[in-house]
Amino acid sequence: MTTLESPADGLTRCGWSTGSQLYRDYHDQEWGKPLHGDDALFERMCLEAFQSGLSWITILRKRPAFRAAFEGFEIERVAKFGDADVERLLGDPGIVRNRAKIEACITNARVARELDTGLDELLWSFAPGPRPRPATLSDVPAVTAESTALAKDLKKRGFRFVGPTTAYALMQATGMVDDHVVDCWVRP
């Protein structure tokens with residue numbers, strides 16, 4: 001499905017966003033809009049990693065619990081998490097309790113804290129230039145040369161759980177690319 005007109009408001013949206021009000025709100029208010037700030041981008045990086053292998057709606061439903069569990073995704077705070085925090089997080093039913101993903105989030109905070117330029121500048125340096133919107137959802141790639149380069153650079157720096165597909169999802173979510181289909185009402 002490429003787009004779907006919502007019976008509630010008559011707006012045409014990307015087809016993936018029409019399954020629930022939570023999806024619609026995320027699509028309309030956040031997805032594809034340029035996002036800046038180290039902590040804000042760190043949150044999205046963590047959530048995209050936690051989403052790997054799961055549906056995005058699962059992450060959206062758990063987002064408030066994630067924010068509470070990871071202290072607002074403040075890089076400085078998460079970077080100080082230790083073994084007791086890992087155990088606390090593994091016992092938190094409000095989040096995805098995956099040790100590898102939890103530990104990756106903590107490791108990524110520590111790496112982000114040490115960046116010379118900041119996470120915002122690093123991530124946005126891989127954003128491609130403007131391009132036409134996709135005509136259909138099937139025209140949206142899962143991986144691009146830019147997301148592959150970003151993932152490679154992040155891995156070299158010590159970041160974990162951010163492969164090319166996750167890196168591209170991060171680029172989409174934070175407005176580095178605009179993958180709203182051409183007839184979607186949302187504009188950058």
Side-chain angles (χ1 to χ4, degrees), residues 13-14 16-17 22-64 66-67 70-79 95-96 101 104-105 107-109 111-113 115-134 137 139-182 184-188:
R13 291 178 173 83
C14 301
W16 64 264
S17 71
L22 194 55
Y23 262 153
R24 281 189 297 281
D25 291 346
Y26 176 69
H27 170 270
D28 293 358
Q29 299 165 20
E30 292 184 65
W31 192 77
K33 295 191 189 255
L35 180 69
H36 289 281
D38 289 351
D39 291 338
L41 288 164
F42 174 67
E43 174 186 357
R44 295 297 181 81
M45 177 186 279
C46 289
L47 294 178
E48 292 295 345
F50 274 105
Q51 185 273 330
S52 181
L54 303 170
S55 68
W56 185 242
I57 195 71
T58 299
I59 303 304
L60 286 177
R61 287 180 181 139
K62 292 178 175 283
R63 193 175 187 187
F66 270 114
R67 285 178 169 161
F70 283 92
E71 300 189 22
F73 289 99
E74 290 181 32
I75 292 170
E76 286 296 324
R77 296 179 102 173
V78 176
I95 68 168
V96 174
K101 293 176 182 183
C105 187
T107 295
N108 293 349
V111 174
R113 179 179 59 183
L115 292 173
D116 291 335
T117 61
L119 188 60
D120 187 308
E121 187 173 331
L122 172 64
L123 295 178
W124 277 90
S125 73
F126 287 88
R131 63 178 192 210
R133 283 182 155 191
L137 289 178
D139 295 328
V140 177
V143 173
T144 63
E146 293 87 359
S147 74
T148 300
L150 173 57
K152 184 177 179 180
D153 186 80
L154 292 172
K155 183 177 182 180
K156 181 181 76 174
R157 293 172 187 270
F159 285 92
R160 294 173 37 204
F161 247 98
V162 188
T165 303
T166 300
Y168 192 68
L170 177 65
M171 293 172 123
Q172 291 174 303
T174 60
M176 292 178 208
V177 296
D178 179 8
D179 276 344
H180 286 280
V181 293
V182 71
C184 179
W185 79 271
V186 175
R187 295 288 177 245

Ring centroid separation for His180 and Trp31, is it under 6.0 angstrom?
->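 Between His180 and Trp31, the centre distance is under 6.0 Å.
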
Val140 and Trp16: side chain to side chain contact (heavy atoms under 4.5 Å, CB included), yes or no, with the steps?
-> CA-CA 12 Å; Val140 177; Trp16 64 264; over 6 Å; no

Thr117: side chain to side chain donor-acceptor pair (under 3.5 Å) partners, not counting sequence neighbours =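 Per chain and number, Thr117 pairs via side chain to side chain donor-acceptor pair (under 3.5 Å) with no residue.
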
Apply side chain to side chain donor-acceptor pair (under 3.5 Å) to Arg44 and list each qualifying residue two or more places apart in sequence or on a separate chain.
->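 Side chain to side chain donor-acceptor pair (under 3.5 Å) list for Arg44, sorted by chain: Glu30.
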
From [X] atom [atom1] to [Y] atom [atom2], the distance as rounded to the nearest 0.5 Å:
X: Gln51; Y: Thr165; atom1: CD; atom2: OG1; result: 10.5 Å
X: Lys33; Y: His27; atom1: NZ; atom2: NE2; result: 9.0 Å
X: Thr58; Y: Trp56; atom1: OG1; atom2: CH2; result: 10.5 Å
X: Met45; Y: Thr174; atom1: CE; atom2: OG1; result: 9.5 Å
X: Glu146; Y: Phe126; atom1: CD; atom2: CZ; result: 10.0 Å
X: Leu22; Y: Ile59; atom1: CG; atom2: CD1; result: 11.5 Å

Sole candidate of Pro134, Ser17, Cys14 that passes side chain to side chain contact (heavy atoms under 4.5 Å, CB included) when paired with Cys184 =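 Result: among Pro134, Ser17, Cys14, Cys14 is the only option passing the side chain to side chain contact (heavy atoms under 4.5 Å, CB included) with Cys184.
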
Taking it one step at a time, do Leu123 and Leu170 satisfy side chain to side chain contact (heavy atoms under 4.5 Å, CB included)?
-> CA-CA 9 Å; Leu123 295 178; Leu170 177 65; 4.1 Å; yes

Sub-4.5 Å side-chain heavy-atom contact between Leu47 and Lys62 |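 Not touching, per the 4.5 Å side-chain cut-off.
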
4.5 Å side-chain heavy-atom contact, Leu41 and Trp124 =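 Yes, side chains in contact.
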
Can a salt bridge be assigned to the pair Arg113 and Asp38 using a cut-off of 4.0 Å between side-chain N and carboxylate O?
->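 No, this pair does not count.
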
Heavy-atom closest pair, residues Ser147 and Ala167 =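 Scanning both residues, the minimum pair turns out to be O-CB, 3.6 Å.
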
When you look at Phe70 and Cys46, which way does the side chain to side chain contact (heavy atoms under 4.5 Å, CB included) test go after all the steps?
-> CA-CA 10 Å; Phe70 283 92; Cys46 289; 5.9 Å; no

Evaluate side chain to side chain contact (heavy atoms under 4.5 Å, CB included) for Arg160 paired with Asn108, printing each intermediate quantity in order.
-> CA-CA 7 Å; Arg160 294 173 37 204; Asn108 293 349; 4.0 Å; yes

